[in-house]
Amino acid sequence: MRYVSPNLRLLFSPPLRPTLSVPLFISKPNPKPFSFSTILASSSSKRPRSFSNLSRRSNSTFKDRKGGGRDMTMEETTGQSKDSSSSFGLNKRRAEGRDKSDRPKKNPQLKERKLNPTNTIAYVQILGTGMDTQDTSPSVLLFFDKQRFIFNAGEGLQRFCTEHKVKLSKIDHIFLSRVCSETAGGLPGLLLTLAGMGEEGYSVKIWGPSDLNFLVGAMKSFIPHATMVHTQSFGQSPISDAAENVTAPIKASDPIVLVKDEVVKISAILLQPHCLQQSQIKPGEMSVLYICELPELMGKFDPKKAAALGLKAGPKYSELQHGKSVKSDRLDIMVHPADVMDPPVPGPIVILVDCPTESHLQELLSIECLNGYYTDVSSHLTESTKMVNCVIHLSPASVVSSPNYQKWMKKFGSAQHIMAGHGKKTLEVPILKSSARVTSRLNYLCPQFFPASGFLSLQHLNYSTSDDISSSEGPTLKICESIPAENLLKFTLRPYAQLGLDRSHIPTPMGQSQVVDELHLEIPEIADAAQHVREFWQELKESREVLPTSNDNGVMIEEPWLTEDTLPGCLENIRRDDLEIVLLGTGSSQPSKYRNVSSVYINLFSKGSLLLDCGEGTLGQLKRRYGVDGADKAIRNLKCVWISHIHADHHTGLARVLALRRDLLKGVPHEPLLVIGPRQLKRYLDAYQRLEDLDMQFLDCRSTTKASWDTFVRDGASNNDGSSPESPRHSNAKNESMQEINQTLFAKGSRMQSYLWQPGSPVDHSAAYPFLKSLKKMLGEAGLAALISFPVVHCPQAFGIVLEAAERVNSVGKVIPGWKIVYSGDTRPCPELVDACRGATVLIHEATFEDGLVDEAIARNHSTTKEAIEVGNSAGAYRIVLTHFSQRYPKIPVFDETHMHKTCIAFDMMSINIADLPVLPKVLPYLKLLFRNEVAVDESDDILDALV
């Protein structure tokens with residue numbers, strides 16, 4: 001018999017299952033006897049703030065922040081109450097795309113600043129997005145008292161700023177060094193967030209080379225035009241006119257002044273591949289070098305010198321300080337400012353350079369207008385020569401390490417060089433420290449569901465000095481004053497006396513042992529709890545020998561939770577390399593400190609993998625889970641990406657994933673990746689591919705419904721006369737079949753017609769057949785029997801998905817049914833979802849709101865935790881995983897424990913192996929123990945702080 005320590009004996013006395021009648025997380029006073037939750041809470045020496053604070057919040061809090069806070073009328077919020085097929089309310093206007101409450105304001109405004117020419121504080125700072133994952137370009141912040149500028153906005157910028165309290169609302173301009181997914185992947189989410197703030201919304205001015213027009217054109221497919229009115233491109237304008245264009249210079253390499261005021265002058269120099277004519281340059285090939293010049297400051301006024309020249313204290317002192325000459329009060333002379341002022345303080349200069357290829361480097365070396373900034377001994381110095389104080393290099397290591405590039409760097413004399421290209425050294429320091437800390441704590445408690453981060457592999461930590469760019473070419477080319485960039489590294493520009501590097505804000509490395517030591521001090525009984533959790537797997541091994549499996553005879557069990565000890569037939573002799581579900585993002589709306597936005601990675605191991613939704617930062621999350629090399633392997637092996645709907649938190653990470661896969665498979669025979677999604681997504685991807693090739697094929701979700709698959713199979717079976725499937729005869733048959741689908745699934749007056757079918761956008765079903773054929777082949781190779789999309793109630797063209805594994809035969813010839821996974825996407829509970837969940841092995845269901853906020857869930861067409869559990873229970877799902885939590889729940893959501901014995905809540909990086917499903921719900925009380933001392937604070941407050 002297992003030993004249970006005295007500290008845990010009271011907490012986990014048998015049965016190891018919560019009482020069904022008492023909430024695990026108490027949201028209101030409960031007169032019933034003590035249960036797990038009250039005992040766990042009382043065991044803490046520090047009494048945390050009650051989670052009931054969350055449920056007492058005004059229901060309008062989240063609504064006001066994300067939308068306009070408009071109250072829904074009864075007709076709008078309970079549109080389905082008239083529909084006898086469902087007892088769940090919904091916001092019919094939102095489902096039909098007519099609810100404007102959460103859309104950005106009509107005309108988001110640029111912020112007006114009262115500038116401070118004397119700026120007591122000014123610096124540039126490395127914002128280390130992507131430095132630990134190498135999935136995106138770092139950003140650079142140029143800071144002044146009253147102004148902020150950011151260079152590059154890759155994925156994760158919002159989340160980074162929330163973590164490190166960088167106020168995005170203070171940002172006036174964003175400059176892109178290139179226009180691609182690596183440098184601009186965070187722009188869509190950032191624009192939507194800023195546009196939703198305040199009464200009128202905020203905006204920033206976005207600058208980039210002419211390729212910016214293609215990006216703006218693509219984003220218009222899901223971002224209102226008013227949100228992007230302040231975009232401005234420069235250089236030779238392409239055909240698109242989506243962004244306002246600055247007049248191109250006479251020569252492509254001449255500087256273009258973008259910003260010039262009393263605080264700073266920012267100029268851009270275009271870099272294009274060497275020897276290419278403008279007409280030969282492809283979108284995405286243009287790069288930019290930015291020069292930031294601060295004005296010189298007048299020297300300090302010396303009253304002793306003024307008195308010696310016969311001046312009396314008074315207005316003439318002020319005139320001299322403003323650059324005017326005055327007549328002496330006592331002497332017959334004119335007094336000039338230079339006579340009484342100290343020498344002026346030269347304005348610091350910072351250069352940011354992004355030179356992506358050797359071809360761009362050749363162009364860089366030939367730019368004549370940079371000669372005025374070169375101060376090495378070989379340069380011809382003149383009075384107009386300007387001294388550069390800092391050069392930040394965004395160029396990749398392969399270019400920076402070349403002899404020609406290093407010689408070019410030396411031309412800047414004593415300038416401080418900061419190498420911000422990706423390097424292995426930064427892999428050991430997590431950029432999102434708060435999230436990494438939570439992940440480490442979860443890993444200590446339950447490493448089976450929360451594996452160690454892929455960052456901590458010895459392969460990455462044991463880097464050698466040969467990886468250092470500065471030493472790669474030997475001592476003769478070693479660059480003086482060159483350092484690798486680190487997260488939050490500053491270079492102070494003013495006060496002038498402090499000019500130079502400032503390392504005081506660089507985060508200290510955080511090791512796993514440090515996190516565990518802190519955890520032991522905070523929760524002494526956590527060690528016994530971790531041991532208790534580990535023993536579940538030994539019990540599981542023993543129980544497999546005695547637990548019966550379900551008969552799978554199709555008989556519906558009225559109360560399926562009463563038979564939770566019965567394994568589904570699909571888990572008989574299951575292998576660990578059959579399936580793993582990795583929750584990469586479990587938050588909603590926008591990336592936050594502890595939870596990224598939606599993405600589920602379906603790992604089929606040697607048979608490939610799939611992504612279900614791909615919110616911003618998905619690639620970074622993959623790299624945090626599997627390490628840089630492991631994530632690259634996962635991207636290479638992707639079979640398909642499926643997107644539930646067009647909201648930005650579900651798809652804006654897609655372009656970065658596709659671009660990386662394209663690069664990884666360059667020169668290797670492969671098929672374009674199949675992307676399945678709503679039709680609006682195709683408009684975005686088609687427009688984006690004008691900027692960079694994504695190497696993908698698109699299939700509308702409506703072509704993968706059960707009715708569409710049935711028609712595809714029926715038409716395939718009838719095609720036995722030797723004619724081509726594209727012949728007129730079979731094309732007509734397909735069109736007739738698809739008309740039949742549309743007349744049933746989306747027929748006028750049917751339940752789903754209002755929510756999904758929009759006039760004027762017919763699906764070309766005949767064009768979908770080749771992709772369905774490819775999809776069917778891919779499913780077979782992945783060991784899957786079915787991939788079926790089904791409509792749900794959230795917004796127009798919103799879907800859920802069913803994945804079913806193929807049957808298998810065991811060693812004695814017994815046929816074992818395949819597992820079934822259902823992912824709800826964003827939805828209200830609806831009959832289509834319940835039907836799809838029948839007999840599911842795992843239901844992954846959104847649970848955006850706690851039970852007390854059901855009105856808000858209805859208004860936004862989301863689900864509460866109780867509703868999600870009821871969907872799974874009513875359909876007989878074996879296990880339910882709750883995800884997509886509102887930002888008001890920073891680490892662990894509020895929920896009632898009723899029927900939670902088959903349910904678990906998801907965390908980022910949670911990895912659920914199908915062989916471990918029997919254990920899954922048992923871990924839940926221990927997760928509550930882990931977070932018992934956490935103060936329940938609405939994380940949207942943190943996000944708001946970072947914004948305003």
Mind checking the CG-CG spacing from L610 to L787? Nearest 0.5 Å is all I need.
7.0 Å
Please list all pairs passing the salt bridge (charged side-chain N to carboxylate O under 4.0 Å, His left out) test where one or both residues lie in residues 182-191, with sequence neighbours left out.
R178-E182
Quick one: are E155 and T652 in side-chain contact, heavy atoms under 4.5 Å?
no
Under a plain distance cut-off of 3.5 Å, with no hydrogens placed, do Q887 and S588 share a side-chain donor-acceptor pair?
no
Using a strict cut-off of less than 4.0 Å between a Lys/Arg side-chain nitrogen and an Asp/Glu carboxylate oxygen, indicate whether R662 and D693 qualify as a salt bridge.
no
Any sub-3.5 Å donor-acceptor pair from Q689's side-chain atoms to L694's backbone N or O?
yes
Let me confirm one number: the OG-CG distance from S221 to L681, rounded to the nearest 0.5 Å.
8.0 Å
For the pair W709 (side chain) and S703 (backbone), establish whether a donor and an acceptor sit closer than 3.5 Å, ignoring hydrogens and angles.
no
Just by distance, do the side chain of S911 and the backbone of M909 share a donor-acceptor pair under 3.5 Å?
yes
Carefully, step by step, assess D613 and S644 under the rule side chain to side chain donor-acceptor pair (under 3.5 Å).
CA-CA 6 Å; D613 278 337; S644 61; 3.0 Å; yes
Below 4.0 angstrom, N of the basic side chain to O of the carboxylate: do R888 and E850 qualify?
no
Apply the test side chain to side chain donor-acceptor pair (under 3.5 Å) to residues S789 and W642: give CA-CA distance (whole Å), side-chain angles for both, the deciding distance (0.1 Å), then the verdict.
CA-CA 9 Å; S789 303; W642 181 91; 3.0 Å; yes
When you look at D700 and K682, which way does the salt bridge (charged side-chain N to carboxylate O under 4.0 Å, His left out) test go after all the steps?
CA-CA 8 Å; D700 195 313; K682 185 178 189 300; over 6 Å; no
Look at the side chain of K820 and the backbone N and O of A836, then say whether any donor-acceptor pair between them is shorter than 3.5 Å.
yes
Is the charged tip of R595 near the ring of F885: under 6.0 Å from the six-membered ring centre and within 45° of its axis?
no
In short, A218 meets Y684 closest at the heavy-atom pair O-CD1, 3.3 Å
No-hydrogen, no-angle side-chain donor-acceptor test under 3.5 Å, H647 and H794:
yes
Taking atom CE of M778 and atom SG of C640, what is their separation to the nearest 0.5 Å?
4.5 Å
Check whether any side-chain heavy atom of R683 sits under 4.5 Å from a side-chain heavy atom of F222, and report yes or no.
no
Find out whether L775 and L674 are in side-chain contact, i.e. whether some heavy atom of one side chain is under 4.5 Å from a heavy atom of the other.
yes
Dump the intermediate steps for side chain to side chain contact (heavy atoms under 4.5 Å, CB included) on S181 and Y688, then the final yes or no.
CA-CA 10 Å; S181 59; Y688 188 92; 3.4 Å; yes
Indicate the atoms forming the closest heavy-atom contact of D826 with E846, along with that distance.
CA-OE2, 3.5 Å
In terms of heavy-atom contacts, A840 and V822 come closest through CB-CG2, 3.9 Å
Check whether any side-chain heavy atom of N596 lies under 4.5 Å from a side-chain heavy atom of L584, and answer yes or no.
no
Check against side chain to side chain contact (heavy atoms under 4.5 Å, CB included), R661 and L673:
CA-CA 9 Å; R661 180 182 181 272; L673 186 65; 3.6 Å; yes
Spell out, as yes or no, whether a donor-acceptor pair under 3.5 Å connects the side chain of H164 to the backbone of I431.
yes
Looking only at non-hydrogen atoms, find the nearest pair between T903 and L882 and report the distance.
CG2-CG, 3.7 Å
What is the minimum heavy-atom distance between F790 and I801, and which atoms define it?
CE2-N, 3.3 Å
Mind checking whether Y823 and H845 have ring centres under 6.0 Å apart?
no
Are V204 and L191 close enough that some pair of their side-chain heavy atoms sits under 4.5 Å apart?
yes
Are V792 and N861 packed together at the side-chain level, in the sense that at least one heavy-atom pair is separated by less than 4.5 angstrom?
no
Looking at N152, is its backbone amide N or carbonyl O close enough to the side chain of S139 to form a donor-acceptor pair, meaning the two atoms are under 3.5 Å apart?
yes
Is it the case that the side chain of S708 and the backbone of R702 share a donor-acceptor pair, with hydrogens and angles ignored and the cut-off at 3.5 Å?
yes
From the list R624, R159, R625, K593, salt bridge (Lys or Arg N to Asp or Glu O under 4.0 Å) with D908 holds only for R159
Tell me, do L187 and I206 make a side-chain contact under 4.5 Å, heavy atoms counted?
yes
Are any side-chain N or O atoms of T827 and backbone N or O atoms of S824, one a donor and one an acceptor, separated by less than 3.5 Å?
no
Whether the side chain of D851 engages the backbone of T864 through a donor-acceptor N/O pair (distance < 3.5 Å, no angle test) should be reported.
no
Approximate separation, where rounding is to 0.5 Å, of S874 OG and I869 CD1
12.0 Å
Pairwise distance OH(Y202) to CG(L168) - rounded to 0.5 angstrom:
12.5 Å
Starting from the C-alpha separation in whole Å, work towards a yes-or-no answer on salt bridge (charged side-chain N to carboxylate O under 4.0 Å, His left out) for E867 and R828.
CA-CA 8 Å; E867 289 172 334; R828 289 291 296 148; 2.7 Å; yes
Could you label the plane-to-plane angle of the H650 and H645 rings as parallel, tilted or perpendicular, counting under 30° as parallel and over 60° as perpendicular?
tilted
Might you work through the side chain to side chain contact (heavy atoms under 4.5 Å, CB included) test for I602 and L611, ending with a clear yes or no?
CA-CA 6 Å; I602 304 297; L611 272 175; over 6 Å; no
Can a side-chain donor-acceptor contact be found between S434 and E163 if the only test is distance below 3.5 angstrom?
yes
Test log, rule side chain to side chain contact (heavy atoms under 4.5 Å, CB included), inputs I635 and L619:
CA-CA 9 Å; I635 295 298; L619 178 58; 4.1 Å; yes
So, does S435 use its side chain to make a donor-acceptor pair with the main chain of L432 at under 3.5 Å?
no
Of all heavy-atom pairs between S137 and T129, which one has the smallest distance, and what is that distance?
O-OG1, 3.2 Å
In the structure I gave you, are the side-chain heavy atoms of E580 and Y601 within less than 4.5 Å of one another anywhere?
no
